2 protein chains.
Amino acid sequence: MAEKRRVLLVVAYDGTAYSGWAFQTGTHNTIEEMLNRAIFSLTGEEVKVIGASRTDAGVHAYGNIAVFDTVSTVPGDRFSFALNNILPADIRITSSRDVAQDFHPRHCNAEKTYEYRILNTKIPDPTKRLYTYHFSMPLDEKVMQEAGRYLVGEHDFTSFCNVESQALSHVRVIKDVTVRREGDEVVINVTGNGFLYNMVRIIAGTLLQIGRGKGRPSDVALMIEKKDRAAAGPTAPPQGLFLMEYRFIDGIPEP
Amino acid sequence: MAEKRRVLLVVAYDGTAYSGWAFQTGTHNTIEEMLNRAIFSLTGEEVKVIGASRTDAGVHAYGNIAVFDTVSTVPGDRFSFALNNILPADIRITSSRDVAQDFHPRHCNAEKTYEYRILNTKIPDPTKRLYTYHFSMPLDEKVMQEAGRYLVGEHDFTSFCNVESQALSHVRVIKDVTVRREGDEVVINVTGNGFLYNMVRIIAGTLLQIGRGKGRPSDVALMIEKKDRAAAGPTAPPQGLFLMEYRFIDGIPEP
C-alpha cells in the first residue's frame, strides 16, 4: 500500500451507448460509473471519480477530465494503459498522471473547447450518423461565423441555457466562436470559461437557423439581451457535440 | 398495377450491426434482407434484391448496388426517398432509377473502388473504432504505396484470397492502388475489375506489414508468384473497409 494520492485521467469516449457522464436519469449506464468500476477492477478500491464536465447522453469527448484518489501502487502514468485493458472500446484513457491532492477539476480557472459537427448533405451518411447532426438544407457558414461573433465576450447566457439549469449565475465568458466548412461538414468550435446546461447545443441550433436564412447574425445580440430561453434557437441534438479539450489556465499542480 | 420493371438502388450502409450483405452464416441480419423487407413494406411485393457486391460482416459501403423487379407504381427515382422512410438509419439509399429489365449488376463490365482506413495513433479514438482499424506502430505510407504498385495489373491473386473462395479463376485486374496519409489515418484505395473473397482486407494486411518494416515492397511480387495464401500478410479486420464506388464501364442500360 502506498500513500493516498490523487490521479488525473484524460478521458475520450463515444457517448452513443451511455446516458451521459453522470448519474442523472435513474440509469447507471454512465461514463462515470464505467470509470468507477474499471478502477475497482484494477485496484480493488471503491472510488467515485470527480469529472470536469458532465456531458449529456449521446455527447462525445476527446478531452474530458476525471480525478480520483487511490492508495494503490500503480504509477500515475500507468493508469491509462491499465484501465484501457479493462474499459470497453468506446471509452479510452488518453493519458494519466499524479496531481496535487487538492486538485479539483471543477474548482479551477479553465478553458474548454467544444466542437459541433453538422453533416450538410442531401442524404445522410450512415457511418456518420452517430457523430454528426444531419441537416439537408443549404447552410451559409460565413453568416454563421458572423452570428457567432455576437456570442463572444462576457454575457448573461440565460437565453442559451436549458430552463432546468440550477446554475446560480448565467454569466459566462465565451472567448472564441469559429464556424468552418470541412468537406461535407459545417464545424462549429466554441471556447469559453464555462458552459451552462445545453449551452453549446443551443448555440449550434441558433447558428443553424441563421445559417439557413432564418434571421440575421445581429439577432444573436437581441437574443442575449432578452435573457429568455424562448428567444434563441432550438437545442441541436447531442450526437454532433464533442468536448474537445480542457485547459487549466494556471496549470495542473504537481503532487 | 404497372408493368413489371427493374429498379436499381445505390446503397450506403454502416456494416457494424449486420452479418454482411448476404445470407451466409445462418443469420438473417443482412443488408440484403433489410432491403427485401423494406421493399415489401412499401410495395407488398416479396422481392429478392440482387446485389453487386457481397460485403462481409462489419464492412461499410457508400456505393453498393442492388436491383429488384417490381410491378408497383412508385416512380424509379422515388424509391430512394420512400425506402429511406422505412429503412433503419444505418442503411440509406442514395439514389434510385429504372433500368433495363435484363440489367444484372454482377454480369457487367464494372470497376469497383474500395477504401481501407487505418487509424495510426498511439491511443485508439473511440469515435473511430467502428470505421477504422487502429494500428499503433509507425507506418511508412510511402513504402506502402511502393508495395501497392506491384499489385497493379492482371495477376492470379490466389495469395490474396481467402482459401475458402469458390471462384473458378483467381485472375483479376487491379487498375490502381494508392496509399496516402490523411491526418491521423493512412488510407488505402484499391480499384479493380473484380475482387476475390477477403482480397482487399488481405491487401491491406500485407501493405500494413510492409509499412511497419516487415519485408520490402518488392516482396509483393514474390507473394503473387507463389499463389499461396500463406505467402501474403494477414487479413485486416473488416471495420476499416468501405466499398466506395461501382462504375459500370458500358453504362447502365435504360429501361
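A, B, ... follow the sequence lines: proteins, then strands. Residue 1 opens every chain. Keep in mind the model is a prediction, meaning the values are calculated, not measured.
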Given heavy-atom pairs under 4.5 angstrom as the criterion, report whether the side chain, backbone, both or neither of A:Phe81 touches chain B. neither
Looking only at heavy atoms, the pair that brings B:Ile93 and A:Ile123 closest together is O-CD1, 3.9 Å
For B:Arg92 against A:Pro126, the heavy-atom pair lying closest together: CG-CG, 3.9 Å
Among residues 181-191 of chain A, residues within the sub-4.5 Å heavy-atom range of chain B, in order of number, are none
For chain B, the option from A:Ile91, A:Thr94, A:Asp90, A:Thr127 that forms the most heavy-atom pairs under 4.5 Å: A:Thr127
Enumerate by number any residue of residues 128-138 of chain B whose heavy atoms lie under 4.5 Å from heavy atoms of chain A; in the absence of such residues, state 'none'.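 The residues closer than 4.5 Å to chain A, in numerical order, are B:Arg129, B:Leu130, B:Tyr131.
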